[in-house]
Amino acid sequence: MAKTIDARGLSCPQPALLAKKAIGENAEVTVLVDNGTAVENVRRLAAKAACDISVTETTPGIWEIALVRTGAADRPVRP
Amino acid sequence: MKGIKNIFAGPWGIVGVGMIIGILAPLLQKWGNPGNMGVCVACFERDIAGALGLHRADMAQYIRPEIAGFVLGSLVAAYLFKEFRPRLGSAPIVRFILGVFAMIGALVFLGCPWRAALRLAGGDGNAILGLLGLAFGIWIGTLFLKGGYSLGRTQRTHHTAGWMLPLFMAGLLSLMLAFPQIVGEAKSGILFYSVKGPGSMHAPLAVSLAAGLLIGFLAQRSRFCTMGAIRDLLLFRQMHLLSGFMALIATAAVINFILGQFKPGFEAQPVAHTMHIWNFAGMALSGLAFCLAGGCPGRQLFLAGEGDGDAAVLVMGMIVGAAIAHNFGLASSPTGVGPYGIPALGIGFAVCLFIGLTMRKNIL
């Protein structure tokens, strides 16, 4: 089940923390963020949590980050 | 994507920035800054509070250009890379109070996380207690973060609001130029200057400012954060920011050794005391407060430079906290803790725990 996290306006580490929790509970997660630091943090999280990641700047200053867990159930991520 | 590609935020970028700070800090000490205090955000903001007469501790009065450089260097980087985002409104009064107690904790230890690292790199064993305390305070903060602690969302605002702290810093520099230091005089115009003690020790203005601008620029790009280094290790098992922090310590130790500034031991270290419990507890309070506020004192200056009005409020809280610490005998000295330092730590922990326990994300 895909889940959307609206992390706009939240400062680090909250976007990455919310994304980490969500990807532990869902195979697909979309995270909305509004700063480059959050994009970098979620990117590092994805590398650590074995997720595919694609980042799109939907409007200037707003990024939509799609996370897809690879290997799904056999690779649980601690929330 | 092009807009957010950032080599400084990569693994070698953050290490490189840590190394550059690790080279500059001992050099600033060689060029005049106090011992193991090439860069100390808390000490330098305390000196600024003194220069403005907010406290009258006569050994801690100087407008430190490094601090202005941190903010203005970050401002330049943020504009160049289109990252200037004026924003505020995430519990500013709470951030102010966190700034006050972060500073009080730092002045019980005698240094912020930056100086704790530099003290260790200069051979000061007391810094080990401080760094352990810092990690302990941050660990408490991560428990709150895991439990849903949040100061809430920021809002976009006018550019004017984002410019407030950079303009304040430019104003401080202007005051220095209008009322330059007169050798042997404790006052020049409206500014106070130390004639003895750490406040009297400083690198030349242009050198301090240039180093501050360079560090501010690089730290904005790399997101360098001494608190985040430990927090991310505890929260995410990530070494990214920590690698920068470690690079700073290792590089500064080498440079100190080369410059003959490495003096291992616990006794008679510059601007330090040997009360281990209070070194630990002071930095623990500071670490907890910075963790709850989302960044170390340096990071707060860099965030303020990229338009974060909430970080600017925390900086103001730290400057006021320094005034409180010195006016009411909370700050330590090389002889030990101040007369009211220990109860102030107790109050600080109580306030931080209250904030951490009660501010949950369910209002978002």
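Chain letters run A, B, ... following the sequence lines, proteins first, then strands; residues in each count from 1.
Judged by distance alone, the side chain of B:R223 and the main-chain N or O of A:N41 form no donor-acceptor pair under 3.5 Å. In terms of modelled atom types and a separation under 3.5 Å, the side chain of B:R153 and the main chain of A:R8 share a donor-acceptor contact.
For B:M359, the CE atom counts as densely surrounded, since its 6.0 Å shell holds more than 12 non-hydrogen atoms of other residues, nucleotides or ligands. Heavy atoms of other residues, nucleotides or ligands lying less than 6.0 angstrom from CE of B:M246 number 12 at most. Other residues, nucleotides and ligands contribute over 12 non-hydrogen atoms within 6.0 Å of the OH atom of B:Y79.
Residue contact with chain B, scored on non-hydrogen atoms closer than 4.5 Å, involves the backbone and the side chain of A:A16 alike. Contact annotation for B:R156: neither backbone nor side-chain heavy atoms come within less than 4.5 Å of a heavy atom of chain A.
When B:R87, B:K82, B:Q155, B:H240 are compared by the number of non-hydrogen pairs under 4.5 Å with chain A, B:H240 comes out ahead.
Exactly one residue among A:L18, A:L17, A:L10 makes a side-chain contact (heavy atoms from CB on, under 4.5 Å) with B:S150. That residue is A:L10.
Using a 4.5 Å heavy-atom threshold, the side chains of A:K20 and B:F236 count as touching. Inter-residue side-chain proximity for A:C12 and B:R231 is flagged as met; some heavy-atom pair is nearer than 4.5 Å. Contact of the B:T154 side chain with the A:S11 side chain is not registered, since no non-hydrogen atoms from C-beta on lie closer than 4.5 Å.
A:N35 approaches B:R85 most closely through the heavy-atom pair CB-NH2, 3.1 Å. Shortest non-hydrogen contact noted between A:G36 and B:E83 is CA-OE2, 4.2 Å. The two residues B:Q238 and A:L45 make their nearest non-hydrogen contact at NE2-N, 3.6 Å.
Chain A is approached within less than 4.5 Å, heavy atom to heavy atom, by B:G294, B:R299 from residues 293-303 of chain B, ordered by number.
Under the ring pair (Phe, Tyr, Trp, His ring centres under 6.0 Å) criterion, B:H158 pairs with no residue at all, not counting sequence neighbours. When the side chain to side chain contact (heavy atoms under 4.5 Å, CB included) test is applied to B:P166, the partners found at least two apart in sequence or on another chain are B:V71, B:L72, B:L75, B:W163.
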Exercise answer: donor-acceptor pairs, residues 309-317 of chain B side-chain atoms, under 3.5 Å, sequence neighbours excluded:
unit_1 : atom_1 : unit_2 : atom_2 : d
B:D310 : OD1    : B:G89  : N      : 3.0
B:D310 : OD1    : B:S90  : N      : 3.3
B:D310 : OD2    : B:G89  : N      : 3.3
B:D310 : OD2    : B:S90  : N      : 3.0

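Taking CE of B:M239 as the start and CZ of A:R44 as the end, the distance is 13.0 Å to the nearest 0.5 Å. The CG atom of B:L151 sits 7.5 Å away from the CD atom of A:Q14 when rounded to the nearest 0.5 Å.
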